[in-house]
Amino acid sequence: MTANDDVGWGAVLVFDRDGTLLSWSAEVPRLEGAPAGLVRGMPRAAFATLFDRHVVAETALADGGSVCAFQSGRPAPVPSGRLFAAASHDLRQPLAALSLLMGVLDDRVRDRDARDLLTSATAALQSMRAKIDGHLDLARLQAGLLETEVGLHAVNGVLMRLALDFSPRFQSRGLRFSVLPSSTLVRTDPTLLERILSALLENALRHTGEGRVILGCRRSAGTLRIEVWDTAGGLDPERLTALRQALSQPVPMFGDGLGLGLILAAGLSRRLGHRLDVRSVTGQGTVFSITLPGVADTGSSTQIAPESGGADLYVGRANVLIIEDDRLVLEALDTLLRQWGCVTTGADSFDQATERLNGAEAAPDLIIADLRLKGAANGIVAIRQISRSLGTDVPGLILTGETDPIRLREARLSGYPILHKPFPPLALRALVARLLGRTTLSV
């Protein structure tokens, strides 16, 4: 690294082999994100914000300890959180439309060679989605713009969303995918936890050629360990040691076997104060785990049973109102739902939806609404107001490409199921069938 007049490495922390603070330079307390009142013996975890917000060079000591030098001086300008949220939302819209149109083609294409091409195109789209999400999240994390909304949440909700998202993808690769339920309440940010587990599942999907992948939980002494098991053949001891060392770095870097997903999982885990670990047996498989506080048991752990095929999820003749302000996504949703046999009404806002319902012969059986809409009413308000005007509790489904924590928290608290754009068509079909009462899929 090259120093210049604006940047130096004068802020230094020294940790022992157990990760506790031994000493520090006078510049450390002046760094943004440094904890107040530095004392010997502080755990390394107390400096997580400092590591997240600054470039750091770490040197290992012979006794197992380490010296961490922080880049000080004039910080580089970073984009605003609003810019990241807008970029993420806008990129997800065409990806969502493309994913839905892939679903339309999947129902129509019968030629074997054409289906193989379609499968490859779908896999490329899913890879593009994962990379866009990962790069944006990693940029926000490194810029110190990733806010957390930590509270008590049922882990089963996160597991169900992952089951809906990944089941068709593992199925298309000929892999078995099992999701085991848990009735535990955990203290975490559910959105960031879902991103961590998504990254671990993406990693398993990429490396597992045959066999199965399992997502499950283990409780122990007030904690919950969520594990992703794969049968990818495992790692040799030297490779496993290198991977563990790479994951333990304050700022994991590309290389050492770390792709974007694992770097993001490590960074988000550290941001939440959760522990990310990996175990492996050569010739058998690998398990990545994240450990977080397990607070209580809800007493309910209904089995998660993602459906294996869209043909068994009958949604025909359902009257569906779609409220979506992106024309491409609206048209793709309309085409896909009509192909499944639904009767659809499309609108780009709450006001337009109200106008079109005034002349409708029948009330909708289901309302699918984007979270962000034209006009004053968002998707949550639109579903509630339309239900109230009809005098009945119409089931609703929220679609969103948002990454803003405040908007996502509002969506979670609405009580309506959420699908994050872009989403697999089978995940949409499974949720539509469940909301119409035509499947037993539940948590």
Side-chain angles (χ1 to χ4, degrees), residues 33 35 43 45-46 48-49 52-53 81-82 84-85 88 133 136-137 140-141 144-165 179-201 215-228 264-276 289-302 304 371-372 378-381 384 396-420 442-443:
T49 301
D52 284 342
R53 295 187 180 180
R82 182 174 297 178
F84 274 117
S88 179
D133 286 350
L136 285 170
D137 286 342
R140 293 171 65 207
L141 179 65
L145 298 172
L146 198 64
E147 300 295 332
T148 61
E149 290 281 343
V150 176
L152 286 181
H153 300 277
V155 73
N156 231 29
V158 173
L159 299 179
M160 178 186 173
R161 290 191 293 273
L162 292 168
L164 287 171
D165 192 2
V179 183
L180 307 180
S182 173
S183 58
T184 306
L185 290 174
V186 292
R187 187 172 297 281
T188 189
D189 181 316
T191 301
L192 298 187
L193 176 63
E194 187 173 335
R195 291 179 192 173
I196 294 169
L197 294 174
S198 291
L200 298 181
L201 288 172
L215 173 61
C217 305
R218 297 176 186 269
R219 295 184 63 181
S220 175
T223 63
L224 184 74
R225 190 167 73 246
I226 308 176
E227 300 177 333
V228 176
L264 181 62
L268 292 178
S269 298
R270 184 173 293 106
R271 181 74 177 86
L272 291 171
H274 302 338
R275 187 174 76 250
L276 181 65
S289 64
I290 178 168
T291 304
L292 59 161
V295 179
D297 194 309
T298 64
S300 173
S301 59
T302 306
I304 297 175
L371 181 59
R372 182 189 296 187
N378 63 18
I380 299 169
V381 173
R384 289 174 177 165
L397 170 61
I398 297 294
L399 308 179
T400 182
E402 292 285 353
T403 58
D404 185 293
I406 296 176
R407 288 181 180 268
L408 290 176
R409 182 172 184 270
E410 179 186 8
R412 289 197 303 269
L413 294 177
S414 72
Y416 296 117
I418 305 168
L419 275 179
H420 296 274
S442 61
V443 292

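This one's a predicted model, so the numbers in the text were calculated from it and none came from an experiment. The first residue of the sequence shown is numbered 1, and numbering continues consecutively from there.
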Colleague: Minimum heavy-atom separation for Ala411 and Ile380, please, with both atom names.
Modeller: CA-CD1, 3.9 Å

Colleague: Regarding Thr188 and His153, do their side chains bring together a donor and an acceptor under 3.5 Å, going by distance alone?
Modeller: no

Colleague: Is the shortest side-chain heavy-atom distance between Val186 and Leu152 below 4.5 Å?
Modeller: no

Colleague: Between Leu201 and Leu162, is any pair of side-chain heavy atoms under 4.5 Å apart?
Modeller: yes

Colleague: Drop me the distance from Ser269's OG to Arg275's CZ, to the nearest 0.5 angstrom.
Modeller: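 Taking OG in Ser269 and CZ in Arg275, the distance rounds to 10.5 Å.
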
Colleague: Are Leu268 and Arg195 close enough that some pair of their side-chain heavy atoms sits under 4.5 Å apart?
Modeller: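 Yes; the side chains approach each other to less than 4.5 Å.
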
Colleague: Taking C-beta and beyond as the side chain, do Arg372 and Asn378 meet within less than 4.5 Å on heavy atoms?
Modeller: no

Colleague: Pick one: which of Leu193, Val155, Thr184 meets side-chain contact (heavy atoms from CB on, under 4.5 Å) with Leu292?
Modeller: Leu193

Colleague: Tell me whether Asp189 contacts the main-chain N or O of Val150 through its side chain, where contact means a donor paired with an acceptor under 3.5 Å.
Modeller: no

Colleague: Ignoring hydrogens, what is the shortest heavy-atom contact between Arg187 and His274? Give both atom names and the distance.
Modeller: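 Between these two residues, the closest heavy atoms are O-CE1, 3.7 Å.
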
Colleague: Before giving the answer on side chain to side chain contact (heavy atoms under 4.5 Å, CB included), spell out for Thr223 and Arg219 the whole-Å C-alpha distance, their side-chain angles and the decisive distance to 0.1 Å.
Modeller: CA-CA 6 Å; Thr223 63; Arg219 295 184 63 181; over 6 Å; no

Colleague: Would Ile196 and Leu272 count as a side chain to side chain contact (heavy atoms under 4.5 Å, CB included) if you check the C-alpha gap in whole Å, the side-chain angles of each, and the deciding distance to 0.1 Å?
Modeller: CA-CA 11 Å; Ile196 294 169; Leu272 291 171; 4.1 Å; yes

Colleague: Just wondering, do Ser182 and Leu224 contact through their side chains at under 4.5 Å, heavy atoms?
Modeller: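 Leu224 reaches Ser182 side chain to side chain.
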
Colleague: Rounded to the nearest 0.5 Å, how far apart are CD of Glu227 and CG of Leu180?
Modeller: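 Answer for the CD-CG pair, Glu227 versus Leu180, is 10.0 Å.
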
Colleague: Between Leu397 and Ile418, is the side chain to side chain contact (heavy atoms under 4.5 Å, CB included) condition met? List the steps.
Modeller: CA-CA 6 Å; Leu397 170 61; Ile418 305 168; over 6 Å; no

Colleague: Give a yes or no answer on whether the side chain of Ser414 reaches the backbone of Tyr416 with a donor-acceptor pair at less than 3.5 Å.
Modeller: yes

Colleague: To the closest 0.5 Å, what do you measure between OG1 (Thr49) and CZ (Arg270)?
Modeller: 11.5 Å

Colleague: Any heavy-atom pair between the side chains of Pro181 and Met160 that's under 4.5 Å?
Modeller: no

Colleague: Apply the test side chain to side chain contact (heavy atoms under 4.5 Å, CB included) to residues Ile226 and Val158: give CA-CA distance (whole Å), side-chain angles for both, the deciding distance (0.1 Å), then the verdict.
Modeller: CA-CA 11 Å; Ile226 308 176; Val158 173; over 6 Å; no

Colleague: Measuring only between side-chain heavy atoms, which start at C-beta, is Leu200 closer than 4.5 Å to Leu276?
Modeller: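 Of all side-chain heavy-atom pairs linking Leu276 with Leu200, at least one is under 4.5 Å.
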
